[in-house]
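So that the names make sense, note that chain A is the first sequence line, chain B the second, and so on, each numbered from 1. Treat the numbers as computed from the prediction; the structure is a model and nothing was measured.
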Protein chains: 2
Amino acid sequence: MAAGDDNIACATLVTGALKISSIDAEGQEQILSVIHPAGFVGEMFAPIAHHNVIALTDSRLCLFTRSDYESAVARFPALAAALLRRSSEELLEARTLLDLKGRRSAKAKVAGLLSAFAKSASTSSCHSADSFMLPLSRSDMASVLGLTIETVSRQLTGLEKSGLIRREGARGIIIRNAPGLDDLTNG
Amino acid sequence: MAAGDDNIACATLVTGALKISSIDAEGQEQILSVIHPAGFVGEMFAPIAHHNVIALTDSRLCLFTRSDYESAVARFPALAAALLRRSSEELLEARTLLDLKGRRSAKAKVAGLLSAFAKSASTSSCHSADSFMLPLSRSDMASVLGLTIETVSRQLTGLEKSGLIRREGARGIIIRNAPGLDDLTNG
DNA sequence: CGTTTCGTTGAGTAGAATCAAGCCAAGTGG
DNA sequence: CCACTTGGCTTGATTCTACTCAACGAAACG
């Protein structure tokens with residue numbers, strides 16, 4: 001989906017990963033959200049799309065049109081409640097990202113992003129994973145945080161040198177000191 | 001409402017204005033959203049509140065508890081659909097803010113915020129107002145954009161010197177060159 | 001009249017962006 | 001098999017923006 005398109009379809013993500021982004025006049029991409037399975041994309045109430053939706057990996061979607069939606073809600077009132085719940089979760093996630101992006105230093109932003117990934121990489125909802133693969137490239141991480149890829153790279157090596165994380169290849173992350181990461185995030 | 005509270009109530013705003021914010025370990029406030037009349041606050045599906053809600057002006061709210069919500073949805077299925085619509089709008093607004101906060105330069109951020117205010121100050125949904133009162137203090141603007149009050153102040157005087165806007169007192173803004181502002185926002 | 005709050009302005013500095021190489025792994029083609 | 005390319009990542013040197021610290025002006029208030 002591209003910004004400016006007639007907005008005819010919405011979808012829930014079945015497998016894979018998507019990003020929602022906007023692109024400014026100079027071609028700078030801003031990632032506004034990363035969608036995981038069971039997440040929802042599309043603007044149900046806008047005539048044209050505001051943002052771009054791009055697959056990060058091969059993905060499977062369950063598409064439906066807005067007219068589908070309206071008839072389905074009429075037949076199954078519980079559907080609206082379920083979608084409301086999803087939408088509330090997306091909203092909370094967007095605000096979490098806002099919070100992250102507002103951190104003062106680059107180190108705090110990168111540390112916060114790692115903590116967030118550790119949480120979402122865990123199967124349990126209350127614990128964080130202590131090792132995981134970064135779902136985003138350096139370029140995408142930079143775009144999420146509003147930094148450059150060089151700065152992201154430097155912060156990662158900095159975090160490794162200070163012993164808070166260890167890296168396995170370009171994408172593998174092992175958290176060695178989770179509380180320390182959180183301290184950096186909030187400071 | 002304060003982050004960490006038991007999350008027992010939600011509300012729609014009738015008159016006034018609210019801000020949703022988070023506060024980090026150093027006491028730095030991040031404004032995550034500004035709520036206007038007809039807007040919704042509260043996290044319907046979280047046991048404890050993640051963020052703070054603070055009134056920007058004297059405000060009137062229509063409060064309801066989460067159990068109220070559940071019985072109301074059971075009796076009036078259309079309610080869920082209406083709340084879904086609101087929630088979608090909040091989500092779009094949060095993403096617009098994300099976009100703004102991700103702009104590279106301070107000038108682009110301030111210019112973008114002014115454009116956004118000009119839009120929401122207009123009574124018509126398709127035109128922007130050409131003069132309006134800033135709804136936020138310098139401190140709140142800085143917090144929304146992730147800047148300091150000094151930087152916001154300097155950017156405003158810069159925009160005035162370059163002829164894009166004129167100021168009337170501390171809060172009054174007159175847009176003299178709206179396309180120019182948009183160019184700055186996307187550049 | 002002092003005090004407080006809010007906004008503006010200036011000087012100096014820390015930190016991220018920019019510019020520029022260079023490394024490594026994977027792919028391509030002779 | 002080897003030269004070459006490509007894309008993603010890292011590192012270094014330099015520049016410049018926005019933060020910090022500090023002073024000052026204006027309006028509101030007791």
Side-chain angles (χ1 to χ4, degrees), chain A residues 19 24 26-31 54 56-57 100-114 117 133-162 165-174 184-185 187, chain B residues 19 24 26-31 54 56-57 100-114 117 133-162 165-174 184-185 187:
Chain A
K19 62 181 174 184
D24 70 18
E26 281 143 342
Q28 281 292 330
E29 178 188 43
Q30 303 263 356
I31 294 188
I54 299 167
L56 290 168
T57 67
L100 206 57
K101 215 161 179 169
R103 299 281 155 199
R104 313 207 132 295
S105 70
K107 188 155 296 190
K109 291 184 191 180
V110 173
L113 188 60
L114 290 185
F117 282 153
M133 289 285 145
L134 289 172
L136 299 182
S137 68
R138 294 293 182 275
S139 151
D140 284 334
M141 289 174 66
S143 169
V144 167
L145 297 174
L147 299 170
T148 58
I149 58 174
E150 293 97 326
T151 300
V152 172
S153 179
R154 274 187 256 268
Q155 296 309 324
L156 285 175
T157 64
L159 289 174
E160 183 167 36
K161 272 181 186 154
S162 56
I165 65 169
R166 206 152 56 77
R167 286 183 291 177
E168 289 276 325
R171 296 288 188 103
I173 296 287
I174 298 158
L184 276 185
T185 305
Chain B
K19 62 181 174 183
D24 69 17
E26 282 141 344
Q28 281 291 331
E29 180 187 43
Q30 303 262 356
I31 294 187
I54 300 168
L56 290 168
T57 66
L100 206 56
K101 213 160 181 171
R103 299 282 155 198
R104 313 208 133 292
S105 69
K107 188 155 293 188
K109 291 183 191 180
V110 172
L113 188 61
L114 290 184
F117 283 153
M133 288 286 144
L134 289 171
L136 299 182
S137 68
R138 294 292 183 276
S139 150
D140 283 334
M141 290 173 65
S143 170
V144 168
L145 297 174
L147 299 169
T148 59
I149 58 176
E150 294 98 324
T151 301
V152 171
S153 180
R154 275 186 255 268
Q155 295 309 324
L156 285 174
T157 64
L159 290 174
E160 182 167 37
K161 272 181 186 153
S162 56
I165 65 170
R166 206 150 57 75
R167 285 184 291 177
E168 291 275 325
R171 296 287 187 105
I173 296 288
I174 299 158
L184 276 186
T185 305

Can you tell me how far [atom2] of [N] sits from [atom1] of [X], to the nearest Å?
X	N	atom1	atom2	result
A/L147	D/dT17	CG	P	18 Å
A/L145	C/dA16	CG	P	12 Å
A/K107	C/dA16	NZ	C1'	13 Å
A/E160	D/dT10	CD	P	9 Å
B/K109	D/dA18	NZ	C1'	9 Å
B/Q155	C/dT9	CD	P	12 Å
B/L136	C/dC6	CG	C1'	14 Å
B/L56	C/dC6	CG	C1'	16 Å

Q: Using a cut-off of strictly less than 4.0 Å, decide whether A/R171 has a side-chain nitrogen or oxygen near OP1 or OP2 of D/dC9.
A: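 Looking at the OP1 and OP2 atoms of D/dC9, one of them is under 4.0 Å from a side-chain N or O of A/R171.
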Q: Answer yes or no: does a side-chain N or O of B/T157 lie under 4.0 Å from OP1 or OP2 of C/dT9?
A: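 B/T157 to C/dT9 OP1/OP2: side-chain N or O found under 4.0 Å.
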Of the nucleotides [options], which one has an atom closest to the side chain of [X]?
X	options	result
B/E150	D/dC21, C/dA20, D/dC19	D/dC21
A/R167	C/dA17, D/dC19, D/dT10	D/dT10
B/S153	C/dA16, C/dT9, D/dC9	C/dT9
B/S137	D/dC9, C/dG7, D/dA18	C/dG7
B/A170	C/dG7, D/dA18, D/dC9	C/dG7
A/T148	C/dG7, C/dT18, C/dA16	C/dT18

Across the strands shown, which category fits [X] at heavy-atom distances under 4.0 angstrom: base, sugar-phosphate, nothing?
X	answer
B/R154	base
B/I149	nothing
A/G146	sugar-phosphate
B/L156	nothing

(Q) Can a donor-acceptor pair be found, under 3.5 Å and without considering hydrogens, that links the side chain of B/S153 to the backbone of B/I149? (A) no
Q | Donor-acceptor contact below 3.5 Å, side chain A/Q155 vs main chain A/A106 | A |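 Checked: no pair found.
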Q. When rounded to the nearest 0.5 angstrom, what is the spacing between CD1 in B/I174 and CZ in B/R166?
A. 4.0 Å
Q. Tell me, do A/L114 and A/L156 make a side-chain contact under 4.5 Å, heavy atoms counted?
A.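 Yes, close enough: below the 4.5 Å cut-off.
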Q) Given side chains that start at C-beta, do those of B/K109 and B/V144 come closer than 4.5 Å, heavy atoms only? A) no
